[in-house]
A.B. asks: 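One structure, pasted below without further comment.
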Number of protein chains: 2
Amino acid sequence: MNIGEAAKQSELPPKTIRFYEEIDLVKPSRLGNGYRDYSPSDVHTLRFLQRSRSLGFTIEECRLLLSLYADDRRASADVKALANQKVAEIDRKIKELRSLRKTLSTLAENCHGNDKPDCPIIDDLAGEHRQ
Amino acid sequence: MNIGEAAKQSELPPKTIRFYEEIDLVKPSRLGNGYRDYSPSDVHTLRFLQRSRSLGFTIEECRLLLSLYADDRRASADVKALANQKVAEIDRKIKELRSLRKTLSTLAENCHGNDKPDCPIIDDLAGEHRQ
DNA sequence: CTTGACCTTCCAGTTGGTGGAACCTCTATA
DNA sequence: TATAGAGGTTCCACCAACTGGAAGGTCAAG
């Protein structure tokens, strides 16, 4: 199957699929005309990548997950640990974003938001903390 | 003042400060020996950048904020709008992360996490959705 | 006079792709 | 059979926002 069809089936752009080949995540065979030829198993790998990337795993984590997937003697504990580590990462990010949000919205609330130059947001950024 | 001292006072690494100069965010003068020479006003700008970057504004947004800061006839509404837009962005990100977190933790919860190969996380990534 | 800290420039790499140019190949239709 | 258009190929450059490292110049202290 050509790259276009593989793209449709995996929901990944052709450019991304070529990129994944460049970094050795998928290795399609080639036809006589030089076109890439994707087997159902290649497409399966691409879908695996699409799904794991959309869940926030990095490329290197996807590589690890693929090798765990291929290893039929893998311990499920290894995969679970990676997933839980990812959950902890997400928690950290959410926490950080919430704190950011709080600071920014407090600043915005204290700003009149009119056509006058007086602005507590700018003052805060500039380090002019007036009460 | 040398770049090292400016770095300390602004809490930005020297590399970052040089980078900010390259993209015309700050323009220190030079000494006879070629060393950069930061004025208190330069350091003030660097601190402004440090603060606004840490609040999640992009470089281009920081550039805009700096020009608003410099414009003493700015409308505070402009700054407030930017801050509120940023808050909305943060809200979107938090929402996305929460949904991701939910999916991942559900997957992890359904995984035994033992030394056996059976693993619902991998199965899900592979698209083998068995009930 | 040397050592070490600090400064300079320049180039490359990071992450995960995306856009574009130049060119080749296949298929359908006039 | 000529040709148009869709889709394939490679390669190179670019995005954000830095960071690391090499090679070399400068300064202050002992």
Side-chain angles (χ1 to χ4, degrees), chain A residues 1-39 42-43 45-66 86 89-90 93 96-97 100, chain B residues 1-39 42-43 45-66 86 89-90 93 96-97 100:
Chain A
M1 142 188 3
N2 280 352
I3 198 169
E5 184 57 29
K8 259 174 223 151
Q9 292 191 22
S10 63
E11 292 170 275
L12 284 171
K15 280 265 183 189
T16 301
I17 297 181
R18 292 195 194 96
F19 172 69
Y20 286 170
E21 179 178 352
E22 201 180 310
I23 60 175
D24 297 313
L25 282 174
V26 66
K27 294 142 189 104
S29 54
R30 296 285 178 138
L31 298 173
N33 57 12
Y35 283 23
R36 288 167 177 82
D37 185 25
Y38 294 86
S39 68
D42 289 331
V43 173
T45 300
L46 290 173
R47 268 213 295 259
F48 188 103
L49 288 168
Q50 192 281 326
R51 178 100 176 106
S52 42
R53 284 288 298 128
S54 76
L55 282 175
F57 290 99
T58 67
I59 292 280
E60 286 318 303
E61 285 163 347
C62 291
R63 203 187 294 279
L64 175 56
L65 285 168
L66 274 175
K86 220 61 205 169
E89 252 172 61
I90 291 171
K93 276 185 201 164
E96 199 181 329
L97 285 176
L100 226 52
Chain B
M1 148 189 358
N2 280 352
I3 198 170
E5 185 56 28
K8 257 175 223 149
Q9 292 191 21
S10 63
E11 291 170 275
L12 285 171
K15 280 266 183 189
T16 300
I17 297 181
R18 291 196 194 96
F19 171 69
Y20 286 170
E21 179 177 352
E22 201 179 311
I23 59 175
D24 297 313
L25 282 174
V26 66
K27 296 139 188 107
S29 54
R30 297 283 179 141
L31 298 174
N33 56 13
Y35 284 23
R36 287 167 178 84
D37 186 25
Y38 294 87
S39 69
D42 290 331
V43 173
T45 300
L46 290 173
R47 267 212 297 259
F48 188 103
L49 288 168
Q50 192 281 327
R51 178 101 177 106
S52 42
R53 284 288 300 128
S54 77
L55 282 175
F57 291 99
T58 67
I59 292 279
E60 287 318 303
E61 285 164 345
C62 291
R63 202 187 294 277
L64 175 56
L65 285 169
L66 273 174
K86 220 62 204 167
E89 253 173 60
I90 291 171
K93 277 188 199 162
E96 197 181 332
L97 285 176
L100 227 52

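Model, not experiment: these values are computed from the prediction. Throughout, a chain's letter reflects where its sequence line sits, starting with A, and its residues are numbered from 1.
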A.B. asks: Does B:Thr16 put a side-chain nitrogen or oxygen below 4.0 Å from OP1 or OP2 of D:dA17?
C.D. replies: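 No.
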
A.B. asks: Strictly distance-based, threshold 3.5 Å: is any side-chain N or O of A:Asn33 a donor or acceptor partner for the main-chain N or O of A:Tyr35?
C.D. replies: yes

A.B. asks: If I take atom CD1 in residue A:Ile23 and atom P in nucleotide C:dT14, what distance separates them, rounded to the nearest angstrom?
C.D. replies: 12 Å

A.B. asks: Between the protein and nucleotides 7-14 of chain D, which nitrogen or oxygen pairs are less than 3.5 angstrom apart?
C.D. replies:
{"residue": "D:dG7", "atom": "N2", "partner": "A:Tyr35", "partner atom": "OH", "Å": "3.1"}
{"residue": "D:dG8", "atom": "OP1", "partner": "A:Gly4", "partner atom": "N", "Å": "2.6"}
{"residue": "D:dT9", "atom": "OP1", "partner": "A:Arg36", "partner atom": "N", "Å": "2.7"}
{"residue": "D:dT9", "atom": "OP1", "partner": "A:Arg36", "partner atom": "NH1", "Å": "3.0"}
{"residue": "D:dT9", "atom": "OP2", "partner": "A:Arg18", "partner atom": "NE", "Å": "3.1"}
{"residue": "D:dT9", "atom": "OP2", "partner": "A:Arg18", "partner atom": "NH2", "Å": "3.1"}
{"residue": "D:dT9", "atom": "OP2", "partner": "A:Arg36", "partner atom": "NH1", "Å": "3.3"}
{"residue": "D:dT9", "atom": "O5'", "partner": "A:Arg36", "partner atom": "NH1", "Å": "3.4"}
{"residue": "D:dT9", "atom": "O3'", "partner": "A:Arg30", "partner atom": "NH1", "Å": "3.4"}
{"residue": "D:dT10", "atom": "OP1", "partner": "A:Arg30", "partner atom": "NH1", "Å": "3.3"}
{"residue": "D:dT10", "atom": "OP1", "partner": "A:Arg30", "partner atom": "NH2", "Å": "3.3"}
{"residue": "D:dT10", "atom": "OP2", "partner": "A:Arg36", "partner atom": "NH1", "Å": "3.0"}
{"residue": "D:dT10", "atom": "OP2", "partner": "A:Arg36", "partner atom": "NH2", "Å": "2.7"}

A.B. asks: Give a yes or no on whether the backbone of B:Met1 and the side-chain of B:Asp37 come within a donor-acceptor separation of less than 3.5 Å.
C.D. replies: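 Side chain of B:Asp37 to backbone of B:Met1, a donor-acceptor pair under 3.5 Å: yes, one is there.
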
A.B. asks: Please determine if a side-chain N or O atom of B:Thr58 lies less than 4.0 Å away from the OP1 or OP2 oxygen of D:dA16.
C.D. replies: no

A.B. asks: Can you check the B:Leu49 CG to D:dA17 P distance for me, whole Å?
C.D. replies: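 Distance, rounded to whole Å: 12 Å.
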
A.B. asks: For a quick check under 3.5 Å, do A:Asp42 and A:Ser39 share a side-chain donor-acceptor pair by atom type?
C.D. replies: yes

A.B. asks: Rounded off to whole Å, could you give me the CG-to-P distance for the B:Leu46 and D:dA17 pair?
C.D. replies: 16 Å

A.B. asks: Starting at the 5' end of DNA chain C, which residue's closest nucleotide do you reach first, A:Ile59 or A:Gly32?
C.D. replies: A:Ile59

A.B. asks: Can you tell if the side chain of A:Arg53 reaches within under 4.5 Å of the side chain of A:Ile59, non-hydrogen atoms only?
C.D. replies: yes

A.B. asks: Within a radius of less than 6.0 Å around CD of A:Glu96, do more than 12 heavy atoms belonging to other residues, nucleotides or ligands occur?
C.D. replies: no

A.B. asks: Side-chain N or O of B:Tyr20 less than 4.0 angstrom from OP1 or OP2 on D:dA17?
C.D. replies: no

A.B. asks: Roughly, in whole Å, what's the span from CD in B:Glu61 to P in D:dA16?
C.D. replies: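 It works out to 12 Å between those atoms.
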
A.B. asks: Answer yes or no: is there a side-chain heavy-atom contact under 4.5 Å between A:Phe48 and A:Leu65?
C.D. replies: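 The answer is yes; the side chains approach within 4.5 Å.
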
